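Since we're looking at a predicted model, the values are computed, not measured.
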Amino acid sequence: MQKAMITSAFDLPGYKIEKNIGIVRGITVRSRSIVGNFFGGLQTLLGGNISIYTNLCEQARLEAYELMCKEARKNGANAIIAMRYDATEVMAGVTEVLCYGTAVVVVPVGENGSQ
């Protein structure tokens with residue numbers, strides 16, 4: 001599935017939704033390591049972007065996104081609409097990251113509005 005076929009919008013310009021497959025999701029649960037907490041603590045003293053936590057968050061989002069895409073492909077989708085992220089702290093230092101959307105099958109729409 002191409003990245004251009006995944007959107008946070010409720011439709012995909014240039015395409016008609018032919019079939020709604022349903023909600024798909026990818027979930028990952030991550031924790032900060034002792035080493036990560038140490039270096040993150042040092043970076044907070046300097047201020048600005050705390051890159052070690054930024055990288056951890058980006059990795060968690062990417063993993064959840066890829067799991068969602070894998071589920072969509074497995075169910076026969078070629079696109080995902082209404083994609084969103086959510087995160088919940090499960091316990092101190094442990095965070096669940098969820099990526100979800102609606103898996104659909106889309107077909108291109110012709111220039112004159114027909115398929």
> So do Asn75 and Val24 actually touch side chain to side chain, heavy atoms under 4.5 Å?
Replying inline: yes
>> Using only atom types and a distance under 3.5 Å, with no angle test, would you say the side chain of Asn20 pairs donor to acceptor with the backbone of Gly22?
In response: yes
> So how far is it from Cys99 SG to Leu62 CG, rounded to the nearest 0.5 Å?
Replying inline: 10.0 Å
> How many angstroms lie between atom CD of Glu71 and atom CD1 of Ile80, to the nearest 0.5 angstrom?
Replying inline: 9.0 Å
> Would a 4.5 Å heavy-atom cut-off, applied to side chains only, mark Ile6 and Tyr65 as touching?
Replying inline: yes
> Sequence neighbours excluded, which residues qualify as side chain to side chain contact (heavy atoms under 4.5 Å, CB included) partners of Ser8?
Replying inline: Arg84
> So which heavy atom on Ala103 is nearest to which on Ala72, and how close?
Replying inline: CB-CB, 4.1 Å
> Would Val107 end up clustered with Ile17 when hydrophobic side chains under 4.5 Å apart are linked, directly or stepwise?
Replying inline: no
> Once you round to the nearest 0.5 Å, how far does CD of Gln59 lie from OG1 of Thr54?
Replying inline: 12.0 Å
>> Assigning hydrophobic clusters by single linkage (Ile, Leu, Val, Met, Phe, Trp, Tyr; side-chain heavy-atom cutoff under 4.5 Å), is Met1 placed with Met68?
In response: yes
> For the residue pair Thr95 and Ala87, what are the closest heavy atoms and their distance?
Replying inline: CG2-CB, 4.2 Å
> Rounded to the nearest 0.5 Å, what separation is found between the OG1 atom of Thr28 and the CD atom of Glu96?
Replying inline: 9.5 Å
> Stepwise, does the salt bridge (charged side-chain N to carboxylate O under 4.0 Å, His left out) test hold for Glu63 with Arg30?
Replying inline: CA-CA 10 Å; Glu63 184 176 343; Arg30 294 290 181 110; 2.3 Å; yes
>> Test of understanding: with side chain to side chain contact (heavy atoms under 4.5 Å, CB included), list the residues that count as partners of Leu12, not counting sequence neighbours.
In response: Met5, Thr7, Tyr15, Ala79, Val106
> Would you say Met83 and Leu67 are hydrophobically clustered, going by side-chain heavy atoms of ILVMFWY under 4.5 Å?
Replying inline: no
>> Less than 4.5 Å apart, side chain to side chain, heavy atoms only: is that true for Val105 and Ile21?
In response: yes
>> Do Val29 and Met91 land in one hydrophobic cluster if side-chain heavy atoms of ILVMFWY residues count as linked below 4.5 Å?
In response: yes
> Which pair of heavy atoms, one from Ala82 and one from Thr102, lies closest together, and at what distance?
Replying inline: CB-OG1, 4.5 Å
> If you measure from CD1 on Ile23 to OH on Tyr100, what distance do you get to the nearest 0.5 Å?
Replying inline: 8.5 Å
